Amino acid sequence: MLNTDQPCAVEKVASVVRNSTSNNWLQFLKGTKKPTKQSKKSKFSFKQKQLSALSAVASKVKEDSSPYIAPDFPRYKSKPEVEPSPIPMDDEEEPQIDTQTVNFPLKPFRNNYVALDCEMVGVDKDKKGNMLGRVSIVNWNGECIYDKYVKPMEKVTDYRTSVSGLKATDLQNGEDFTVVQKEVASILKGKILVGHALTNDFKVLFLSHPRRKIRDTSTFHKFRQACGKRPSLKKLVAKFLRRNIQDGEHCSIEDAKATMQLFQLFCEEWESSINGKKTRSKR
């Protein structure tokens with residue numbers, strides 16, 4: 001314990017503490033310098049330089065008030081007198097269908113549908129054998145995307161002109177069967193195929209197609225209920241589309257269009273029934 005009764009001892013201790021503290025503060029102050037007026041001026045001069053640079057950039061922008069245009073595109077000093085019309089997109093084009101009420105699927109999926117029809121000639125002695133004479137394919141809009149006559153691979157015994165509309169000159173100027181077969185196969189690859197009695201077409205084309213991607217109007221239940229177990233395309237078109245086809249010579253393009261329009265009448269119900277079968281089969 002410190003004896004406060006002795007004044008000399010208290011003064012000595014206070015002087016020691018005072019001296020030690022002052023020395024420590026002196027050492028600390030030497031290491032840290034207060035900002036001088038010159039450093040403040042330097043900071044101010046740096047900000048001033050930044051402001052001057054920004055003002056210079058702003059003046060240049062004011063001089064050139066035209067918008068930025070990529071160098072690859074033409075630059076107009078003033079608005080052109082005639083503006084170029086925009087290119088129409090595929091999604092903006094509406095299909096031209098004769099039927100009044102059609103339930104369309106989503107537009108991006110329309111390109112997945114094509115309709116096919118073939119015309120045949122008779123071969124063999126009994127004239128009952130069939131050989132491919134013409135094949136036609138149309139898209140969702142009914143536009144013909146493929147139509148070719150086929151050179152005969154064997155002797156034709158009956159051209160069936162009154163029904164098929166085919167003549168000898170048509171087949172002689174036609175394409176080789178192997179070429180037509182490859183071209184048709186490439187078009188049908190990955191597509192949903194619409195047609196009427198497609199088994200007959202597959203036989204003469206020597207092709208097959210996934211069963212899930214076939215929409216045959218001769219087997220659809222609503223068409224069978226209305227026109228019998230094996231409805232002809234002529235009857236279906238007369239009843240559901242209210243027009244006549246195949247009055248004389250058949251046309252494969254006209255028949256393909258008719259099958260596509262028949263499918264479009266019930267496409268929503270047709271596709272939903274097939275999708276329902278798919279889900280049940282997975283279970």
Side-chain angles (χ1 to χ4, degrees), residues 95 97-98 110-124 127-220 230-234 236-237 241 245-264:
I97 305 296
D98 295 337
R110 294 180 186 177
N111 294 331
N112 294 338
Y113 293 88
V114 292
L116 175 142
D117 188 75
C118 297
E119 298 296 342
M120 306 158 198
V121 293
V123 293
D124 299 334
K127 301 180 183 181
K128 292 183 179 180
N130 294 322
M131 186 178 66
L132 181 64
R134 182 185 181 186
V135 56
S136 303
I137 302 174
V138 300
N139 60 12
W140 174 269
N141 299 333
E143 299 167 348
C144 182
I145 60 175
Y146 189 87
D147 181 40
K148 281 190 177 181
Y149 294 98
V150 185
K151 286 182 180 179
M153 295 182 292
E154 54 184 297
K155 185 178 179 180
V156 179
T157 56
D158 187 5
Y159 285 95
R160 305 171 183 170
T161 306
S162 59
V163 178
S164 66
L166 299 176
K167 300 176 183 178
T169 54
D170 297 332
L171 272 62
Q172 289 173 2
N173 298 325
E175 188 68 79
D176 292 337
F177 173 79
T178 54
V179 176
V180 173
Q181 186 187 43
K182 289 179 181 179
E183 291 175 348
V184 171
S186 65
I187 294 173
L188 300 186
K189 186 177 180 180
K191 302 290 186 181
I192 297 176
L193 180 60
V194 182
H196 188 82
L198 286 169
T199 53
N200 299 326
D201 299 326
F202 290 145
K203 286 179 181 178
V204 294
L205 284 166
F206 293 94
L207 292 175
S208 62
H209 201 67
R211 187 176 179 182
R212 294 290 185 186
K213 292 183 177 292
I214 293 176
R215 308 291 184 265
D216 197 326
T217 54
S218 67
T219 60
F220 187 55
R230 292 183 180 179
S232 66
L233 183 61
K234 183 181 178 67
L236 292 177
V237 172
L241 301 181
I245 63 169
Q246 300 177 349
D247 288 334
E249 298 178 357
H250 294 193
C251 175
S252 54
I253 297 176
E254 184 182 23
D255 292 350
K257 286 181 180 180
T259 55
M260 180 61 81
Q261 291 173 356
L262 286 170
F263 166 74
Q264 288 171 351

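All values reported here derive from a predicted model rather than from experimental measurement.
Here the closest heavy-atom approach between residue Y159 and residue S164 is recorded as O-OG, 2.7 Å. Scanning all heavy atoms of the two residues, the minimum distance from C144 to V138 falls at CA-CG1, 3.9 Å. Of all heavy-atom pairs between C118 and V135, the closest is SG-CG2, 3.8 Å. D170 approaches G165 most closely through the heavy-atom pair OD2-O, 4.0 Å.
For the pair Q264 (side chain) and W140 (backbone), a donor-acceptor distance under 3.5 Å is present. With hydrogens and angles disregarded, no donor-acceptor distance shorter than 3.5 Å links the side chain of D176 to the backbone of T178. Here the side chain of K191 pairs a donor or acceptor atom with the backbone of N111 at under 3.5 angstrom. A donor-acceptor pair is defined here as one N or O able to donate and one able to accept, closer than 3.5 Å; no such pair exists between the side chain of K155 and the backbone of V123. With T161 contributing its side chain and K167 its backbone, the two residues share no donor-acceptor pair below 3.5 Å.
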I would like to know whether V156 and L166 meet side chain to side chain contact (heavy atoms under 4.5 Å, CB included); could you show each step before the answer? CA-CA 11 Å; V156 179; L166 299 176; over 6 Å; no
Would N130 and N200 satisfy side chain to side chain contact (heavy atoms under 4.5 Å, CB included), going step by step from the backbone distance to the final call? CA-CA 9 Å; N130 294 322; N200 299 326; over 6 Å; no
Residue pair K234, D247: steps toward the side chain to side chain contact (heavy atoms under 4.5 Å, CB included) verdict: CA-CA 9 Å; K234 183 181 178 67; D247 288 334; 2.9 Å; yes
Do D201 and M120 pass the side chain to side chain contact (heavy atoms under 4.5 Å, CB included) test, and can you show the C-alpha distance, the side-chain angles, and the key distance before you say yes or no? CA-CA 9 Å; D201 299 326; M120 306 158 198; 3.5 Å; yes
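A 4.5 Å side-chain heavy-atom check between E154 and D124 finds at least one atom pair inside the cut-off. Residues H250 and V163 have side chains in contact (heavy-atom distance under 4.5 Å, counting atoms from C-beta outward). At a threshold of 4.5 Å between non-hydrogen side-chain atoms, the residues V121 and P152 do not count as touching.
Taken from NZ in K213 to CG in L188, the straight-line distance is 11.5 Å, to the nearest 0.5 Å. Of the inter-residue distances, the one linking S218 atom OG with L262 atom CG reads 11.0 Å to the nearest 0.5 angstrom. Within the model, atoms CG of L116 and CE of M260 stand 10.5 Å from one another, a figure rounded to the nearest 0.5 Å. Separating the CG atom in L171 from the CE atom in M131 is a distance of 6.0 Å, to the nearest 0.5 Å. Put simply, CD1 on I245 and CG on D255 are 5.0 Å apart, with the number rounded to the nearest 0.5 Å. The CG atom of L193 sits 5.0 Å away from atom CZ of F202, with the distance rounded to the nearest 0.5 Å.
Exactly one residue among T259, D216, T217 makes a side-chain hydrogen bond (donor to acceptor under 3.5 Å, both in side chains) with H196. That residue is T217.
For S136, the side-chain contact (heavy atoms from CB on, under 4.5 Å) test picks out R134, D147, S252, I253, with sequence neighbours left out. By the side chain to side chain donor-acceptor pair (under 3.5 Å) test, Y146 pairs with E183, sequence neighbours left out.
By the 30° and 60° cut-offs, the orientation of the rings of Y113 relative to F263 is tilted.
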